[in-house]
Structures are given as C-alpha cells and as structure tokens.
Amino acid sequence: MSSTPTAVQPVPRGGMGRLVGRRMVDWLPAVIVLVGVIALWEILIRALDVQAFLLPKPSEIARTLWDTRHELWAAGWFTFQEALGGFLLGSGLAILVALVLARWRALGTALLPFAIAANAIPIIAFAPITNTWFSPLNKSSKIVIAAILCFFPVLVNTLRGLTSVNPRALELMHSYAAGEAEIFRRVRIPTALPFIFTGLKVATVLAMIGAVVGEYFGGALNALGVLILTRARVFQFDEAWAGIVVACLMGLALYIAVAAIERLTLRWVPSTSE
Amino acid sequence: MSVVQIKDVTKRFDETTALQGIDLEIEPGEFVSLIGPSGCGKSTLLRIIGDLIQPTSGAASVNGKPARQARIDRDYGIVFQDAVLYDWRTVAKNIALPLELARWDRRRRTDKVKEMLELVELTGFESHYPWQLSGGMQQRVSIARALSFDPALLLMDEPFGALDEMTRERLNMELLRIWEASGSTVVFVTHSIAEAVFLSTRVVVMSPRPGRISNVISIDLQQPRTATTREDPRFFEHVTEVREALHLGHDLERAPV
C-alpha cells in the first residue's frame, strides 16, 4: 500500500486569526452589521427626535466614554477584578468538585440532580444576601456571588465531559492495565476539555453579570455597577450608557480571553468555531 | 504451549446466554477467525480472552496464565471496529500511548514508534492528528498501537467492518504482511466469510442463542496469501464450506423444538 498523503490537510491559520479561529475576512459581515446597526440607531434617534433619557445617540455615548474615560476605566477595572476573582474561584472549585463526582460515581449520581436544579434557579437573587454576609463595599461580596453564578454551569459541563468518554476508549485503557488515575489523566480529562471550555465561556458572561448586578444592591462608590445606577438615578443617561458599554467590553474581553486559551489548548480539534 | 486456552466458558447476561460451553485452543502463530451471525457471542468471546469481560463459568488463559494476569502483563494488543484513536494525540503519540503506560523511556518510545510507522506504512504522518487521516489510515494507526509493545497476541474485533470493500481488501493484505513480520498470533472477529477464509489458518464458526462453536474449519490455502489467492478454486471451496457451516448453525436454531 502506498503512503500517498490523501488525508485532509489542516487549514493553515496564523496570528490573530488562529486565536479567534477565523480569518479577518470572515469577520467582515459581522463588522458591517455592527456599523450598520449603530448608524441606524443614530439616524433613527435624530429623525424621530427621541429624548436622551429614553435612548441617547451613539455619538453622545461615544463622547461621554471619551470625556469620562479615567473614571470609567477605574470603575471598570474595579468591577472586572471582582468578576475575574469570582470566575476563577467558582470555575476552579467547580472543576475540582466535578473531578471528585466523576471519580466516585455514586456521589455524582446523588448530587448531580441538585447541581442541575441549582443551575436553573436565578442565583443572582442571592446578591443582597452575599452583600450582608460580607460588607457591600468589600470586593468579596461580589466575588462570592460571581463565583456561585459560575460554579454550576462549569460543574455540570465538566461532569458531562468527564463521563461522556467512548466506552471503547475505556476498554482500550483497561487492556493496557491502566489505573484509574491514568484513565483520568490520559482519557477523561482530555475528553472533557471541550465541555469544560463551553462551561467556562458561559461562566465569563455570568461572572460579569454577577459583579455588576451585585453592585446594584450596594457597592463601593468607584464600582461600575454603582456608577451606572447612580448616573441613571440623576438622569445622566449618557454616562449610564457609557458605563454599560464598559461593562459589555469587560465581559467581552473575558470571554475572548477564555476563547483564545481554548484555541491554544484544543489544537487537535479541527474547528471549534461555530 | 497454547497462546489461548478456553475451557468450558459460559457467559450469561441476565436472562440471555451469550456463550455456552466454549472450548478452544489457539497455538502460537495461528490466525484464527471467529465468524457468525449477530448475537453469536463472538465479540464477547474476544473480550473474555482479553479479560475485559468475566465469564460466568469456565476460564480463559493466555500464554499459560489466567486472562487477568495476561492483561496486567500486557500480553495482548486489541483493535476495535472504530480505530478509537485519542483525538488530542498525534499519530506518533497515539502509537506511543501503551509504551508510556508501560514506562518506556523517551528514546525507546521514539525508536519503536518509527519502527511501527514503517510497519504500517505511515511514515511521514507522525505529527498528523487523527481527524486528518482517512478511515483506513486511522485503522492502520490503531493496529500499529496494538502491536507497539510486541504482544504475543493480537485481538481484533471486526477491525475492517466499517471500511469500504477496496480499502478492506488492501488492509487484509497489509494485515497478513504484518502478521508474518511480527510473528504474533491473531484472533480476528468478522462478519465476512471471504475475509475469514482469506486471512485465517482456522475459521471458528459460531451460532447464536446460545452462542456456541458449531464448527472449526482449517484453511489449507498456501502461505503467503496473495491477491490471486482470492481466485484460487480452493479459496471458493473453503468459502462454500464456511457458508454451509454457518447455514447449518442457522438451521439448527430454526429447527422446531
């Protein structure tokens, strides 16, 4: 038999394209839509003469973003730290717990229904409670609510990944007389990685929500959620909107960071772009 | 000493008897096919030899040891219908996996992987990932992995069943070449009469409900087998012989009680 390379060759990727999984050209339609929507927003508000307290013009939000950039950056950074802390704490614990539940399956069978149920309840409702557990001014209260929000989706996804191993792959490991630890290290964890990253990406969004909404129930004066809330209360809607934009950008940054790590880690997957 | 010895093995899953009273001995260097309709327990028998399933009664031994000890000593390699390659490992790392588990040092692993790639004619593909390979190539990697630690016995569970006819015939030739080069003993589960006759020194015909051995047919075709073997009149005689044995087993099953 000849060894002519008839196999599918990998699509070469480079630079940023490799990180985000697409070439820049592939982003073009999305960019066009974004620019179009913003332009339409601006035009409609001007044409219909919408009051600024209902919806400010994008150009006004952009100007405010620039004028108050130092304050916004400080507030954004403060809140981002809370979100990141909560994300790392919640996701880290979730992965550890998932490993334990996958290893001792009886435990997993007993506890998984509760994890799934917890995943379905609006945990953000507990934000006022964590604010009383810790001082509302303290970062810890937001870190905890963000962590709890991150915990369940990461737990459920990781556990699903660890237990969705091809039975043949396990038989193969048994044929090599591999122990349970080896099976985890060489089969279960690599199989689970794509599932874990799915959970982590959901968690990045939840972490930012947890931190900002947590701050709505009381937080330090230089926090993003507090800034958005107070500006909206005194009818400075352009500043509130600028705060929202920063929150979006922070959330997006966290998401993209995780997606980039996923790309680098899951090099073997032909295409993780949807 | 027999490589495989099966003594009065019975396997029951709940109410169904998958295997009943199986006796089989396989000598070193043999190529034995297990053939039979679905539900005859041929894959179960293969897994009992590999200690991946425990028999309800009776015992299997490999290399004169209980099957369990043979598995722990890594006396056999196994190949499934799906290649079961680990997606996150390159071709070279897939082949090296059993060697890593057996704590071979890096240099020995690298040399052995190179040798195995030559054996299955995949030199140049070591850093490809499984998804970059065709089905036939994946299965060759799987065979290389099963043979990488020089097991005395190779267990194959319908390894070419998912491949197209052309690829299948090519891999049959390939497998015979590897079998001769490695000197190992092969137990091969298949649905295909032609494949069983072409490859084997002996064909074990099984019948279902309960799974049992209904006939054992020695194949006396000349070695080494070549592409023209398939056109040999003797080849057709053996094919007929196996087919009739299979139908006989089937008729027994249908006979009124």
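So that the names make sense, note that chain A is the first sequence line, chain B the second, and so on, each numbered from 1. Every value quoted in this text rests on a predicted model; they were computed, and no experiment measured them.
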S.K.: On a heavy-atom basis, which atom in B:W88 and which in A:V187 lie closest, and how many Å separate them?
M.R.: CH2-O, 3.7 Å
S.K.: Judged by atom type as modelled, is there a donor-acceptor pair below 3.5 Å linking the side chain of B:R74 to the main-chain atoms of A:Y176?
M.R.: yes
S.K.: Roughly how far, to the nearest 0.5 Å, is the CG atom of B:D87 from the CG atom of A:L266?
M.R.: 11.0 Å
S.K.: Give a yes or no answer on whether the side chain of A:R168 reaches the backbone of B:F80 with a donor-acceptor pair at less than 3.5 Å.
M.R.: no
S.K.: A side-chain contact here means heavy atoms from C-beta on lying under 4.5 Å apart; do B:V84 and A:E171 qualify?
M.R.: no
S.K.: Do B:Y76 and A:S175 have side-chain heavy atoms sitting under 4.5 Å apart?
M.R.: yes
S.K.: Quick one: pull up NE2 in A:H174 and CG in B:L52 and give me the separation to the nearest 0.5 Å.
M.R.: 8.5 Å
S.K.: Does any backbone or side-chain atom of B:R68 lie under 4.5 Å from a heavy atom of chain A? Answer side chain, backbone, both or neither.
M.R.: neither
S.K.: Can you say whether B:L97 sits under 4.5 Å from chain A via the side chain, the backbone, both, or neither, judging by heavy atoms?
M.R.: side chain
S.K.: Do you know which of B:E100, B:Q81, B:R89 has the most heavy-atom pairs under 4.5 Å to chain A?
M.R.: B:E100
S.K.: Ion pair present between A:E182 and B:R103, side-chain N to carboxylate O less than 4.0 angstrom?
M.R.: yes
S.K.: What part of B:R177 gets closer than 4.5 Å to chain A, counting heavy atoms only: side chain, backbone, both or neither?
M.R.: neither
S.K.: Can you name the closest pair of heavy atoms from A:L172 and B:I78 and give their distance?
M.R.: CD1-CG2, 3.7 Å
S.K.: Surrounding NZ of B:K65 (heavy atoms of other residues, nucleotides or ligands, distance under 6.0 Å), is the total greater than 12?
M.R.: yes
S.K.: Do other residues, nucleotides or ligands put more than 12 heavy atoms under 6.0 Å from A:F184 CZ?
M.R.: yes
